[in-house]
Amino acid sequence: MLDKAFDPAAMEARLYAAAEAAGVFSADPARPAAPFTIVIPPPNVTGSLHIGHALNNTLQDVLVRWRRMQGRDALWMPGTDHAGIATQMVVERLLAAQGQERRAMGREAFLRRVWEWKAESGGAITRQLRRLGASLDWPRERFTMDEGLSRAVIEVFVTLHKQGLIYRDRRLVNWDPKLLTAISDLEVESREVKGTLWTLRYPIEGAPGRFIQVATTRPETMLGDTAVAVHPDDPRFADLVGRFAILPLTGRRIPIIADAYSDPEKGTGAVKITPAHDFNDFEVGRRHGLPMPNVLDPEARICLEEIAGELAEIPGVAEPDFVRALAGQERFAARKAILEKLEALGLLEKAEPHTHQVPHGDRGGVPLEPRLTWQWYCDAATLARPAIEAVETGRTVFVPKQWENTFFAWMRDIQPWCISRQLWWGHQIPAWYGPDGHIFVERTQQEAEAAARAHYGREVALRRDEDVLDTWFSSALWPFSTLGWPERTPELAKHYPTDVLVTGFDIIFFWVARMMMMGLHFMGEVPFRHVVIHGLVRDERGQKMSKSKGNVMDPLELIDAYGADAVRFTLCALASPGRDIKLSKQRMEGYRAFATKLWNAARFLEMNGVRPDPAWKPADAKGMLARWLLEKADAAAFEANRSLEAFRFDDYASGLYAFLWNTYCDWFIEFAKPVLNGPDGPEKEEVRGVAQHVLGLALRLLHPVMPFVTAELWEKLGYGDAVALTTTPYPEGREAAAEAGAALVDQAIEAISAIRSARSTLNVPASAVLPLRVSGAQTQGIRAFAPQIMRLARVAEPEFVAAAAEGAGPGAFCAAMGAELFLPLAGVVDLAAERARLGKERARAEAERAKLEAKLANPGFRAKAEEAVVAETEERLQDAAAEIARLDAALTRIAN
RNA sequence: GGGCGCUUAGCUCAGCGGUAGAGCGCCUGUCUUACACACAGGAUGUCGGCGGUUCGAACCCGUCAGCGCCCA
């Protein structure tokens with residue numbers, strides 16, 4: 001017997017553990033079944049499950065469970081990425097708490113410590129995904145720093161290097177002065193900062209008293225200025241182009257150049273050029289062959305090594321001693337000192353408040369410095385071409401499709417990808433340097449040594465590059481490295497290309513783009529057929545959730561409060577394509593009620609002797625109620641499949657919600673009650689049969705989104721083992737096709753609704769049982785379901801007469817699909833109220849008739865509209881007219 | 001500045017050429033022996049404005065307005 005109350009907490013852990021232990025979440029490459037594959041977008045190993053993960057993984061799990069039930073060899077690949085910067089920061093923080101520092105302990109000891117941390121506290125998220133019910137193939141779990149995946153990384157790096165698609169270059173990077181590493185363009189967060197725009201005066205060489213003014217928000221970089229640029233067409237500066245300015249403080253001679261980069265409308269129209277510290281200036285510097293001295297060290301302190309030799313004393317303009325004193329000063333302190341000095345020299349024209357965008361590191365949180373360094377680069381533009389083409393030709397399809405534009409926009413303008421990071425935690429770059437700096441890129445130290453021997457003709461000492469690769473470099477390989485590549489494993493052969501990648505739009509650049517590039521280059525085929533982009537989960541007011549706002553919803557707390565099924569169902573039901581989700585506890589309460597409803601319906605059937613019966617054949621069902629329910633169930637199953645095929649998780653959820661609650665509970669079970677309470681016999685057997693059959697169908701249909709309550713009911717009711725539901729075939733259903741017998745149920749439903757509405761409007765006491773007189777050409781539904789109508793509409797045994805309302809005195813009149821219903825209400829009915837009710841219905845019918853008449857009166861409509869539409873319109877007009885006639889007759893009877 | 005999206009019932013959202021829908025909320029009634037996390041009934045919409053295409057527009061096109069996001 002089912003418990004009275006549905007208690008998710010009591011069953012979830014047990015059900016999940018049983019399924020995991022039974023191995024039903026695992027793929028089997030030996031099975032002949034067609035594969036269905038999703039690789040999880042690898043969460044960060046330092047991370048914990050947030051509501052965005054809950055959405056992302058719920059959607060993946062729904063797809064995987066559904067396809068698995070369809071018989072596909074489903075593989076949902078789990079794992080995490082090593083998150084170079086984040087993990088290194090976590091461990092460094094732990095060390096700091098113990099008074100230790102990574103440099104002091106050395107690289108090897110530090111890495112040991114990181115692995116220890118990973119073993120102890122890494123991957124909390126994988127345990128949390130289990131609480132969500134995610135049916136990942138855990139025995140196949142991978143980690144980007146695994147031996148196998150690391151091998152793939154080395155293989156890819158070496159291969160791309162030999163192909164000339166990876167190279168070393170000295171370019172500007174986004175440098176994080178706190179983390180002391182280059183970071184990706186995508187890890188740069190533009191923050192609006194209220195700063196100051198300073199205008200500086202640079203003296204013109206050979207023109208005493210003449211200055212050129214330049215505006216800057218970072219005056220400390222002026223030490224590295226190597227030119228002043230003006231627009232070629234700007235008449236104000238035409239005579240200065242080709243001459244020189246004297247850079248204050250350092251006394252350097254810098255040319256005044258013409259370059260269209262300078263915007264005559266902006267600032268003073270002249271702009272200082274600091275090639276080593278600004279991306280735009282770097283390009284200008286390249287175009288004009290300017291020197292590019294670096295004046296900031298890795299921690300963004302002033303360093304003078306590259307300009308020390310050229311400092312020159314110029315009275316009133318340049319003071320080498322002052323500049324020398326700046327060495328080692330932190331950038332903002334140096335800024336202050338430089339401004340004070342310039343002001344003292346009369347070279348600071350003005351300072352204006354200025355709001356501008358300042359790039360910050362999204363991890364470290366400090367302003368970044370563009371910095372000129374040697375780094376490893378990947379030729380993304382070349383790799384992007386086939387990826388763009390794959391999307392253009394539809395080999396990979398985005399859902400919703402408009403995200404393809406975002407993908408194209410970024411891919412078509414892709415910059416060289418800086419793949420080296422000045423970290424210790426990560427894949428160390430397989431490059432070795434000879435004594436003269438010659439580079440050997442090989443898979444192993446031994447191979448590098450052999451190459452060096454061949455190159456130099458003798459043994460030499462090699463030094464390995466200390467840098468590691470961007471975490472995304474290994475993530476980019478995820479769709480094939482996790483399947484065993486570069487080994488040619490059965491999994492790789494069977495499951496690549498994968499079917500779907502499910503992710504948020506913010507990750508199109510990170511994952512989608514890079515996986516596409518690497519997948520196509522190394523596997524010759526796209527990594528996934530579909531990319532499903534879902535929205536962001538926001539709070540109920542549409543605000544982004546954040547710790548600082550205090551509006552975060554913890555999925556684990558939600559699971560505790562509402563059950564994993566309710567959390568999953570809510571996320572699914574709200575996942576409309578292309579829209580963010582506004583999540584509220586109220587919504588979740590509503591869907592928890594749905595799980596409870598399912599539980600209670602099952603309990604009711606169990607109490608009424610409904611038991612699973614695999615031998616029961618729907619095709620043998622004869623009764624109208626059974627046919628009606630089977631038809632609705634088939635349509636619901638069909639729609640569920642269709643919705644999931646189209647990745648319409650919202651339609652899938654709401655369609656089943658409506659079927660279970662409205663069709664199955666509100667009508668079928670209510671219709672079944674008189675039969676279940678009645679005498680034993682074939683009719684009761686058939687109702688029990690169809691009830692168990694369709695409940696079993698509903699449990700299967702709902703299982704992908706509500707795996708826990710469905711599995712529990714499946715087992716407790718006796719359909720089978722809870723674990724076995726995971727691989728029980730998913731119902732296919734078929735398109736709705738109305739059966740004649742089933743229409744009689746609809747008539748009974750309509751009669752009940754009409755009577756209920758009349759009773760309520762006329763204030764008939766709920767407990768009063770009214771007589772019912774029925775007439776009309778179509779009354780079979782009323783006859784067939786009289787007991788149901790009596791019970792649900794609270795009426796006496798229907799009396800079938802020639803004309804329902806004739807000679808019965810005052811009463812209420814209504815109609816149901818060709819049947820006329822009359823409720824004699826002598827002494828009960830308020831005739832004025834009934835007149836008002838009928839009048840209102842008449843007005844509604846009249847409006848309908850007017851609309852349809854106008855439409856049919858339009859010659860264009862008859863001439864051009866489809867025939868079926870015209871016919872339907874005519875039919876509706878007749879119905880409206882008949883309804884008006886009936887209502888008129890009823891009104892006449894109770895006139896006065 | 002460039003691009004994308006959104007604007008439909010009080011709220012959150014479906015619908016995207018032929019009868020305006022759902023959930024929640026609201027109002028009224030009900031302990032009808034599965035379920036008050038329930039049942040029944042009800043009210044509420046110039047489908048953002050304007051213009052166009054069409055026999056017909058919430059839906060297609062143009063335009064304006066407001067909101068949001070991404071990239072400079």
Side-chain angles (χ1 to χ4, degrees), chain A residues 2 4-6 185-186 190 279-280 357 400 402-406 408-410 413 505-506 508-509 535-536 538 540-544 562-563 566 570 573-608 610 648 650-651 653-655 657-658 661-662 665-666 669-670 672-673 676-677 752-767 769 791-794 840 847-848 851-852 854-866 868-870 872-873 875-877 879-880:
Chain A
L2 292 177
K4 181 157 168 55
F6 162 56
D185 299 355
L186 297 171
S190 247
F279 285 94
N280 291 311
Q357 300 290 325
Q402 67 260 24
W403 288 111
E404 290 179 2
N405 293 330
T406 305
F408 287 140
W410 194 69
D413 185 35
F505 65 88
D506 46 334
I508 291 176
F509 310 134
L536 218 65
R538 300 170 174 276
E540 64 261 67
R541 289 179 323 211
Q543 303 268 339
K544 214 164 160 170
Y562 303 101
T570 305
L574 300 185
S576 301
R579 242 188 218 271
D580 286 348
I581 291 178
K582 287 181 194 151
L583 191 61
S584 69
K585 301 214 160 167
Q586 205 183 39
R587 293 305 292 249
M588 212 154 285
E589 281 165 16
Y591 290 115
R592 175 182 58 185
F594 178 63
T596 307
K597 185 79 182 175
L598 173 62
W599 182 266
N600 284 320
R603 205 170 127 252
F604 171 77
L605 295 176
E606 189 190 38
M607 286 171 4
N608 281 275
V610 173
R648 286 301 303 260
D650 54 339
D651 287 347
S654 52
Y657 182 100
W661 200 309
N662 304 129
C665 292
D666 291 346
I669 289 184
E670 294 305 326
K673 278 177 181 173
L676 295 172
N677 289 337
I752 292 163
S753 297
I755 296 168
R756 279 171 170 174
S757 178
R759 292 178 61 119
S760 176
T761 319
L762 297 174
N763 297 316
V764 175
S767 52
V769 175
R791 179 191 165 91
L792 299 177
R794 296 224 147 206
K840 203 170 163 191
E848 170 86 350
K851 202 166 95 180
L852 295 168
K855 202 167 187 178
L856 287 163
N858 181 345
F861 177 68
R862 287 194 177 278
K864 298 194 180 174
E866 281 173 45
V869 173
V870 177
E872 193 193 321
T873 308
E875 198 179 315
R876 277 171 49 206
L877 177 60
D879 290 349

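These figures come from a predicted structure and were not determined experimentally. A, B, ... follow the sequence lines: proteins, then strands. Residue 1 opens every chain.
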| task | Taking atom C1' in both B:U44 and B:G21, compute the distance separating them and give it to the nearest angstrom. | result | 14 Å
| Residue pair A:Phe604 / A:Lys673, side-chain heavy-atom distance below 4.5 Å | yes
| query | Which nucleotide in the set B:C37, B:C55, B:C39 lies at the smallest distance from any side-chain heavy atom of A:Phe861? | reply | B:C55
| said: Using a 4.0 Å heavy-atom cut-off, does A:Tyr657 contact any base of the nucleic acid, only the sugar-phosphate backbone, or nothing at all? | reply: sugar-phosphate
| query | When you check the phosphate oxygens OP1 and OP2 of B:A34, does a side-chain N or O of A:Lys673 lie under 4.0 Å from one of them? | reply | yes
| said: Looking at A:Trp661, I'd like to know whether one of its side-chain N or O atoms comes within less than 4.0 Å of OP1 or OP2 on B:C37. | reply: no
| message | What contact category does A:Asp413 fall into here, base, sugar-phosphate, or nothing, at under 4.0 angstrom with non-hydrogen atoms? | response | nothing
| Whole-Å distance between B:C55 P and A:Leu856 CG? | 17 Å
| Which is true for A:Arg592 with a 4.0 Å heavy-atom rule: it touches a base, it touches only sugar-phosphate, or it touches nothing? | base
| query | With side chains defined as the heavy atoms from C-beta onward, is the minimum distance between A:Phe6 and A:Leu598 less than 4.5 Å? | reply | no
| Inter-nucleotide C1' distance (B:C37, B:G25), Å rounded | 16 Å
| message | It should be established whether A:Lys597 places a side-chain nitrogen or oxygen under 4.0 Å from OP1 or OP2 of nucleotide B:C39. | response | yes
| Pairwise side-chain contact, A:Trp403 with A:Ile508, heavy-atom cut-off 4.5 Å (strictly under) | yes
| said: Just to be sure I understand: a Watson-Crick pair is purine N1 to pyrimidine N3 plus N6-O4 or O6-N4, both under 3.5 Å. Using that and G-U wobbles, which stems of three or more pairs involve RNA chain B? | reply: B:1-7 with B:65-71, B:10-13 with B:21-24, B:26-30 with B:38-42, B:48-52 with B:60-64
| request: Could you check A:Gln586 against A:Lys855 and say which one's nearest nucleotide on RNA chain B is further toward the 5' end? | output: A:Lys855
| query | Between B:A14 and A:Ser576, is there an OP1 or OP2 to side-chain N/O distance shorter than 4.0 Å? | reply | yes
| remark: When rounded to whole Å, the CZ to C1' distance for the pair A:Arg862 and B:G56 reads 14 Å
| side-chain N/O A:Lys582 vs B:G68 OP1/OP2, d < 4.0 Å | no
| A:Arg579 side chain near B:A14 phosphate (N/O to OP1/OP2, under 4.0 Å) | yes
| query | B:G23 and B:C50: how far apart are their C1' atoms, nearest whole angstrom? | reply | 33 Å
| Among B:A34, B:G23, B:U19, the one nearest A:Arg876 by side-chain distance | B:U19
| Using the C1' atom in both, what is the distance from B:C60 to B:U54, to the nearest Å? | 9 Å
| For atom C1', what is the distance between B:A20 and B:A9, given to the nearest Å? | 10 Å
| message | Using atom C1' in both nucleotides, what's the gap between B:C59 and B:U53 to the nearest angstrom? | response | 13 Å
| request: Determine the Euclidean distance between corresponding C1' atoms of B:C47 and B:U33; express it in Å to zero decimal places. | output: 46 Å
| remark: Separation of B:C35 atom C1' from A:Asn662 atom CG, nearest Å, is 15 Å
| request: Could you tell me whether A:Arg603 and A:Glu606 have a side-chain N and a carboxylate O separated by less than 4.0 Å? | output: no
| Residue pair A:Thr406 / A:Phe505, side-chain heavy-atom distance below 4.5 Å | no
| Quick one: is B:G15 close enough that its OP1 or OP2 comes under 4.0 Å of any side-chain N or O from A:Arg648? | yes
| query | What nucleotide, of B:A14, B:G18, B:C55, holds the atom closest to the side chain of A:Asp651? | reply | B:A14
| Gap between atoms CH2 and C1', on A:Trp403 and B:G5 respectively (whole Å) | 8 Å
| task | Using a 4.0 Å heavy-atom cut-off across all strands, classify A:Glu606 as base, sugar-phosphate, or nothing. | result | nothing
| 4.5 Å side-chain heavy-atom contact, A:Leu574 and A:Arg579 | no
| said: Categorize A:Glu589 for me: base, sugar-phosphate, or nothing, with a 4.0 angstrom heavy-atom threshold over every strand shown. | reply: nothing
| field | Whole-Å distance separating the CG atom of A:Leu574 from the P atom of B:A14 | value | 10 Å
| said: Base, sugar-phosphate or nothing for A:Ala409? Non-hydrogen atoms, less than 4.0 Å. | reply: nothing
| request: Looking only at side-chain atoms of A:Lys864, point me to the closest of B:U19, B:C70, B:C55. | output: B:C55
| Is any side-chain N or O of A:Ser760 closer than 4.0 Å to OP1 or OP2 of B:U28? | no
| task | Decide yes or no for A:Arg587 and A:Ile581: does some side-chain heavy atom of the first lie under 4.5 Å from some side-chain heavy atom of the second? | result | no
| With sugar-phosphate meaning primed atoms plus P, OP1 and OP2, does A:Lys585 contact a base, only sugar-phosphate, or nothing at under 4.0 Å between heavy atoms? | nothing
| A:Leu852 side, atom CG; A:Thr873 side, atom OG1 - distance, nearest 0.5 Å | 6.5 Å
| task | Take the protein atom CG of A:Asp580 and the nucleotide atom P of B:U7, then report the distance between them rounded to whole Å. | result | 13 Å
| query | Base, sugar-phosphate alone, or nothing: which one does A:Arg794 contact when heavy atoms must sit under 4.0 Å apart? | reply | sugar-phosphate
| Pairwise P distance for B:G45 and B:C39, with rounding to whole Å | 26 Å
| Which comes earlier along RNA chain B counting from the 5' end, the contact point of A:Cys665 or that of A:Ile581, where each point is its nearest nucleotide? | A:Ile581
| task | Would you mind classifying the nucleic acid contact of A:Ala601 as base, sugar-phosphate or nothing, using non-hydrogen atoms under 4.0 angstrom? | result | base
| request: Give, for atom CG of A:Leu877 and atom NZ of A:Lys851, the distance between the pair rounded to the nearest 0.5 Å. | output: 12.5 Å
| task | Measure the shortest side-chain to side-chain distance between A:Leu792 and A:Arg756 over non-hydrogen atoms and say whether it is less than 4.5 angstrom. | result | yes
